[in-house]
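These numbers come from the heavy atoms of this one structure, side chains and all, not from hydrogens, waters or symmetry mates.
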Amino acid sequence: MRRPAAVLLTLVLATTALPARAGSEPAAAPKHVEKTFLVPAEDGYGVGECLSGGPSECGQVVANAWCESQGYASASNYGVAAQDEYTGAIDGLAAPAKTAPRPFRITCQD
């Protein structure tokens with residue numbers, strides 16, 4: 001008979017040792033996380049046609065697949081990166097010998 005009483009006493013002591021406000025704190029709001037990736041235009045996957053043509057079903061599928069492969073839920077935005085979004089955007093410097101096509105920008109979200 002003493003054994004169940006000891007177990008009950010242990011449970012009571014364990015629950016009273018918890019902080020008083022442990023259950024009263026509001027749940028933290030989930031953070032909205034976004035990350036933008038720059039994908040080289042000549043990446044070898046042949047997805048440039050879908051990403052460069054503006055919003056389209058093909059572009060959304062490719063962008064979503066890229067985001068999922070990076071651990072994100074989906075793409076919120078995609079397209080050709082503006083010059084100020086990647087290296088080489090500083091005017092007035094000597095032009096490179098070969099100009100590469102602008103990379104694609106894919107913004108992923110949770």
Closest contact, heavy atoms only, [X] versus [Y]:
| X | Y | result |
| --- | --- | --- |
| Cys50 | Val62 | CB-CG2, 4.0 Å |
| Gln83 | Arg102 | N-NH1, 4.1 Å |
| Pro103 | Pro40 | CB-CA, 4.3 Å |

Quick one: [atom1] on [X] to [atom2] on [Y], what's the gap to the nearest 0.5 Å?
| X | Y | atom1 | atom2 | answer |
| --- | --- | --- | --- | --- |
| Ile106 | Ser76 | CD1 | OG | 10.5 Å |
| Cys108 | Asn64 | SG | CG | 8.5 Å |
| Ser74 | Trp66 | OG | CH2 | 15.5 Å |
| Ser52 | Tyr78 | OG | OH | 10.0 Å |
| Leu38 | Glu85 | CG | CD | 7.0 Å |

Applying side-chain hydrogen bond (donor to acceptor under 3.5 Å, both in side chains) to Glu68 and not counting sequence neighbours gives none
With sequence neighbours left out, the residues meeting side-chain hydrogen bond (donor to acceptor under 3.5 Å, both in side chains) with Thr107 are Thr36
Taking the side chain as every heavy atom from C-beta outward, state whether Pro55 and Gln60 have any pair of such atoms under 4.5 Å apart.
no
Q) Tell me, do Arg105 and Phe37 make a side-chain contact under 4.5 Å, heavy atoms counted? A) no
